[in-house]
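All residue numbers in this chain count up from 1 along the given sequence. We count ligands from 1, going down the list as the structure has it; atoms in each ligand are counted the same way. Remember, it's a predicted structure, so these values are computed and weren't measured experimentally.
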Amino acid sequence: MARTRSVLGLDIGTHSVCAVELTGSGDDVAVTGVGWERIPSPELIGDTVLAMLSENNLKTKNVVTSVSGRLVIVRYVNMAEMSPEELLNAVKYEADKYIPYSVDDVQLACQQLGGVDQKNQTRVLLVAAKKKLIEDHVAMLKGLSIRPTTIDVDFFALGNAFELCNLNNRLIGEGEAIACVDIGSSKTSICIMRSDSDCFTREVFTAGSSMTNAVAKRFGEEAKDVELMKEDPGDAIEAMQESIMPVLEDIGSEVRLSFDYYENQFDHQVSKVFLSGGSIQFPGIVENLGGIFEVETEAFSPFEYLEIATNNDIVLHEKAADMVVALGLASRIRGM
Ligand SMILES: Nc1ncnc2c1ncn2[C@@H]1O[C@H](COP(=O)(O)OP(=O)(O)OP(=O)(O)O)[C@@H](O)[C@H]1O
Ligand SMILES: [Mg+2]
């Protein structure tokens, strides 16, 4: 039997740092801590992480964190069935077919997804992250005396958070395909899934900062002032909604392209979208994106589905949309 332990999911974004602590064993876990802090400027990321952990009394040493962005490449490829060791060797040997970097410059991981087809082929998930990206991330954390036990990728965390909340199909019918879409500041992460084998992930680099820039252009304001306007739009709300609409259309068409790909590949329609990320807090975004996706869309509130054993109500309620990736990172506890 798995023993009780705690894991801290630490999501270091470009706009905010978030943490979720899960405690328990196997699937029986409770949220025992949460934290959120805005990053005032890029040089202060380390200080912000330390302040957020100390203010929220988050002391667990078992930390799962993530990397993401253009230096993380994910491919889904078909290969002959083989053992995990043979698979990694085969992928390394053929890596230049799939990734635009030298195999020596990347950390490679791969996993067989699902079963084998009639031609003895299996679907393989291949993740290649630039070594320098991981080394810089680990060095930054080491400077804060944090030694992560696992380094994940944001869009996998998104899917894992959903799976944790959806135990026993609480959120969707069995066999339904859904999409989790997290709109942060620098990127929109997409994870479409139905089962372990029918999974597709992607990142699009249009998100909250593109909305900020669109509003800044319209109002002739500095981006940092628009950040404050976004949180308290007052009478400017309609003009702001109008100026971010083209950005929502861009995000929407990329998400729809991913749906089309998924539906072609797996012959299943995406039936529901669960939205998260700081950007969905702007009034009207969830409804507008639902209209663009042409699929039922809701804001994902993960803490409604989990046992809560912390009284940090402000973060739990006001920042729930931001916390999904951190929750998904912590959900690695299920396999520990
Ligand atoms: N209350 C709010 N109303 C409107 N927009 C908001 C609000 N709070 C945050 N945002 C926007 O959400 C975005 C930040 O989202 P989030 O905290 O998820 O980003 P991040 O995870 O740090 O970024 P990334 O994952 O892209 O590196 C910013 O563009 C910010 O302007
Ligand atoms: Mg993020």
Please evaluate residues Leu87 and Met79 with respect to the criterion side-chain contact (heavy atoms from CB on, under 4.5 Å), reporting the C-alpha separation (whole Å), side-chain torsions for both, the decisive distance (0.1 Å), and the verdict. CA-CA 9 Å; Leu87 187 62; Met79 298 184 79; 4.0 Å; yes

Salt bridge (Lys or Arg N to Asp or Glu O under 4.0 Å) between Lys131 and Asp104: does it pass, once the steps are laid out? CA-CA 9 Å; Lys131 279 183 184 159; Asp104 297 331; 6.0 Å; no

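Between Thr14 and ligand 1, at least one N/O pair is under 3.5 Å apart. The N/O atoms of Glu227, backbone and side chain alike, include one that comes under 3.5 Å of an N/O atom in ligand 1. Any N or O atom pair closer than 3.5 Å counts here, and Thr212 shares no such pair with ligand 1.
Each of the following atoms of ligand 1 lies closer than 4.0 Å to a heavy atom of Gly277: 18 (O). Ligand 1 places these atoms under 4.0 Å from at least one heavy atom of Gly208: 29 (O). Per-residue contacts place Ser186 under 4.0 angstrom from the following atoms of ligand 1 (heavy atoms of the residue considered): 24 (P), 26 (O), 27 (O).
A donor-acceptor contact shorter than 3.5 Å links the side chain of Glu203 to the backbone of Gly69. The closest donor-acceptor contact from the side chain of His137 to the backbone of Leu133 lies at 3.5 Å or more, if one exists at all.
Side-chain contact annotation: Ser6 with Glu21, donor-acceptor N/O pair under 3.5 Å absent. With hydrogens and angles left out, the side-chain atoms of Arg38 and Ser16 include no donor and acceptor closer than 3.5 Å. Between the side chains of Thr149 and Asn62, at least one donor-acceptor pair of N or O atoms lies under 3.5 Å.
Looking only at protein heavy atoms, the nearest one to atom 1 (N) of ligand 1 is Glu231 CG, 3.6 Å. In terms of protein heavy-atom proximity, atom 19 (O) of ligand 1 is closest to Ser185 N, 3.3 Å. Among protein heavy atoms, atom 21 (O) of ligand 1 sits closest to Gly13 CA, 4.0 Å.
For atom 4 (C) of ligand 1, the choice among His15, Lys187, Lys230 with the nearest heavy atom turns out to be Lys230. For the residues Gly278, Ser210, Ser16, the heavy atom positioned nearest atom 17 (O) of ligand 1 is part of Ser16. For atom 8 (N) of ligand 1, the candidate residues are Gln281, Glu203, Arg38; the nearest heavy-atom contact is made by Gln281.
Remark: distances from the non-hydrogen atoms of Ser279 to ligand 1 include one below 4.0 Å.
Cation-pi check for Arg194 over Phe266 is not met; the charged atom does not lie both under 6.0 angstrom from the ring centroid and within 45 degrees of its normal.
In this pair, Phe200 and Tyr261 present their aromatic rings tilted. The plane angle is within the 30 to 60° band.
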